2 protein chains.
Amino acid sequence: MATLEQVAFRAGCSLATASRVLNRNGPASDLMVRKVRRAAAELGYHSAGRLGRRPVVGVLIPSITNPVFASSLSSIQNRMLVAGHGVLIAQSNYDPAREADAVAALLNDRPTGLILTVCDPSTSQALLARLPPTVLLNNLPTAQFPAAVTADNRGAGREITAFLIGMGHRRILFLSGNFAASDRAHLRYRGYLDAMAESGLTALDVMQIPFVNGFDQLDLGMPMNSLAPTAIIASNDLLALGVIGALKREGLSVPGDVSVAGFDGIAIGRLIDPPLTTIEMPDASMGATAASLLLDMAENAAPARHLDVAYTLRRGGTVRAI
Amino acid sequence: MATLEQVAFRAGCSLATASRVLNRNGPASDLMVRKVRRAAAELGYHSAGRLGRRPVVGVLIPSITNPVFASSLSSIQNRMLVAGHGVLIAQSNYDPAREADAVAALLNDRPTGLILTVCDPSTSQALLARLPPTVLLNNLPTAQFPAAVTADNRGAGREITAFLIGMGHRRILFLSGNFAASDRAHLRYRGYLDAMAESGLTALDVMQIPFVNGFDQLDLGMPMNSLAPTAIIASNDLLALGVIGALKREGLSVPGDVSVAGFDGIAIGRLIDPPLTTIEMPDASMGATAASLLLDMAENAAPARHLDVAYTLRRGGTVRAI
DNA sequence: CTGAAAGCGCTTACAG
DNA sequence: CTGAAAGCGCTTACAG
């Protein structure tokens with residue numbers, strides 16, 4: 001186990017300076033910061049203190065009960081276990097205002113690094129503080145936080161819409177959770193707009209549905225007349241399942257009367273009959289990638305990177321050609 | 001922030017003895033152990049060390065991606081946040097052999113306490129070591145670990161079976177995941193046997209389905225002739241959804257040809273059409289209860305208790321009277 | 001089983 | 001911005 005003294009010696013500075021750099025209190029020149037960080041990384045120093053606590057990383061996600069984030073979290077934990085790091089969790093419950101507090105709580109555990117999924121990285125208050133090495137997961141990188149692991153949500157929106165258009169659909173409705181709670185939903189919607197414009201079709205007004213502990217009470221209240229959409233794209237699979245349930249309650253069949261598609265590729269979508277047509281997002285693989293990137297940054301002082309992981313279109317049975 | 005010195009003073013012993021008691025190394029008389037623990041609890045002492053790390057608790061569950069455990073974990077985290085504790089996660093992946101390692105990893109973080117869901121508490125190697133205050137969640141208490149939060153799984157198995165019998169079913173099949181991976185499934189099965197015996201019916205041979213990353217490839221391979229079951233009880237909702245999908249692929253309708261019921265009450269079960277008939281388990285409430293019990297034990301030296309939380313039968317549309 | 005004391009690893013005024 | 005040094009909170013041989 002490396003001590004601070006060894007780090008200071010290797011960095012060619014005093015114990016005091018090394019301590020200040022690693023704890024981000026007190027002043028330190030850029031040069032010293034680099035030297036000390038590098039020495040600490042080379043020695044595998046963890047400021048675990050006398051007590052020998054295992055190093056930990058903090059993970060912030062909107063909700064553990066959403067299978068998308070549960071999948072990421074699970075593979076983050078598996079990757080971190082191998083690396084000898086504990087994983088601490090925090091939830092924002094899709095509320096941007098809670099993100100800063102959640103991250104502050106995580107910082108109380110002196111994590112080696114953070115993996116964060118926020119509602120909107122450009123406005124999140126959680127990203128203002130000076131943080132340990134941080135990887136954004138499912139959010140696009142910012143100037144201050146250039147390390148990110150994403151899938152191309154806009155491209156995915158474009159692709160699923162183009163797929164529906166290719167199946168003969170023209171009146172396609174985009175149904176979304178609240179954009180303020182998910183920049184992913186917003187990006188998917190923009191992809192929808194792209195594809196509609198490219199085909200010279202008129203985009204319908206987006207419907208935003210506030211997420212209130214699940215979508216099982218969903219009431220579309222849509223006039224299902226000749227002007228009604230022939231296809232609905234839901235901004236995520238849970239919402240898509242809610243839509244299918246709501247349509248059935250209104251006496252409409254899927255895909256007989258209306259086609260439905262989603263995003264995410266949650267496991268449940270394969271169980272229902274017919275299986276859900278969706279864009280399968282590589283959540284588990286993205287989680288593992290984010291974990292590896294964070295470890296590389298924190299332990300080897302590797303540079304921040306933006307990694308994009310490929311999605312795939314899964315043709316289920318909830319879309320039919322017309 | 002209380003120091004060890006204050007604890008030692010209050011306990012009327014030396015720093016050295018207080019240190020030994022709280023770290024469970026070195027010898028200490030029973031009297032001293034009690035005195036020091038009590039003083040530490042009264043002062044709210046946390047051996048966070050100079051670094052002022054927040055105290056943490058460790059949670060072991062079979063899998064984060066199972067919505068049942070995700071629900072418990074989420075409410076544990078919410079409860080612990082209020083109490084100022086971090087939450088560390090570990091997964092066994094339903095493998096009893098991995099439980100001991102997972103708990104050992106958690107212990108590296110010096111948790112204030114543990115909340116554990118194991119495959120079988122009577123045989124789990126994770127429960128042999130000397131552990132900090134520990135609450136079993138979803139497992140029955142043992143002599144050595146008398147703190148537990150459970151629902152009455154046997155009673156639930158009895159009730160759902162009795163409900164099906166009341167609906168006129170006689171040939172009722174119990175379909176289960178692997179008993180070795182879940183004592184809950186086994187208890188539910190025993191409840192099924194109870195109810196069948198009480199009504200003088202012959203229990204059918206239980207089918208055990210190994211869980212391999214989801215049930216979407218499920219093949220029942222059942223001869224659906226006149227001797228086939230009229231109702232199937234799946235040991236959990238995910239399996240029930242897999243069964244419904246498999247039946248539909250074989251051209252059978254639910255509940256037209258076969259009735260299906262499950263256990264757990266996962267959110268998805270309300271979204272499908274018809275909604276799943278199931279025993280709704282209070283997973284979120286159980287998680288919060290386990291968290292509160294653990295805090296009470298760790299911070300107030302409260303005695304270990306066994307708390308049972310009530311379940312409810314949710315009548316969906318997947319069971320019909322015959 | 002217990003305590004006095006040495007000493008570890010770290011932080012933090014203080015001086016420059 | 002940096003370092004020498006005091007000192008905090010804890011652990012751990014050692015002696016009894």
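Residue numbers begin at 1 in each chain, while the letters A, B, ... track the order of the sequences. These numbers were taken from a predicted model, which means no experiment stands behind them.
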**Message:** Side chain of Ser29(A), heavy atoms from C-beta onward: which of dT2(C), dC10(D), dT2(D) has the nearest atom to it?
**Reply:** dT2(D)
**Fill in**
From CG of Leu15(B) across to P of dT12(D) the rounded distance in Å is 13 Å
**dA15(D) pairs with, by Watson-Crick or G-U criteria that keep both distances under 3.5 Å** = dT2(C)
**Donor on one side chain, acceptor on other, Gln77(B) and Gln91(A), under 3.5 Å** = yes
**Request:** Classify the nucleic acid contact of Ala16(A) as base, sugar-phosphate or nothing, counting any heavy atom under 4.0 Å across all strands shown.
**Result:** base
**Request:** Side chain of Thr3(B) only, please: which of dC10(C), dG3(C), dG9(D) is the nearest?
**Result:** dG9(D)
**Message:** Within this structure, what is the CG-OG1 distance for the pair Asn138(A) and Thr117(A), rounded to the nearest 0.5 Å?
**Reply:** 5.0 Å
**Request:** In whole angstrom, give the distance that lies between atom CZ of Arg34(A) and atom C1' of dC1(D).
**Result:** 15 Å
**Fill in**
To the nearest angstrom, the CG-C1' distance between Leu4(B) and dG3(C) comes to 14 Å
**Request:** Rounded to the nearest angstrom, tell me the gap between atom CD in Glu5(B) and atom C1' in dG9(D).
**Result:** 8 Å
**Approximate separation, where rounding is to 0.5 Å, of Leu73(A) CG and Leu60(A) CG** = 11.0 Å
**Prompt:** In whole angstroms, how far is the P atom of dG3(D) from the CE atom of Met32(A)?
**Reply:** 5 Å
**Message:** To the nearest 0.5 Å, what is the distance between CG on Asp152(A) and CG on Leu187(A)?
**Reply:** 8.5 Å
**Asked** Choosing from dT12(C), dT11(D), dT2(C), which nucleotide comes nearest the side chain of Ser19(A)?
**Response** dT12(C)
**Fill in**
Side-chain atoms of Arg20(B) come closest, of dT12(C), dA13(D), dG9(D), to dA13(D)
**Message:** What is the separation between atom CG on Asp30(B) and atom C1' on dT2(C), rounded to the nearest whole Å?
**Reply:** 15 Å
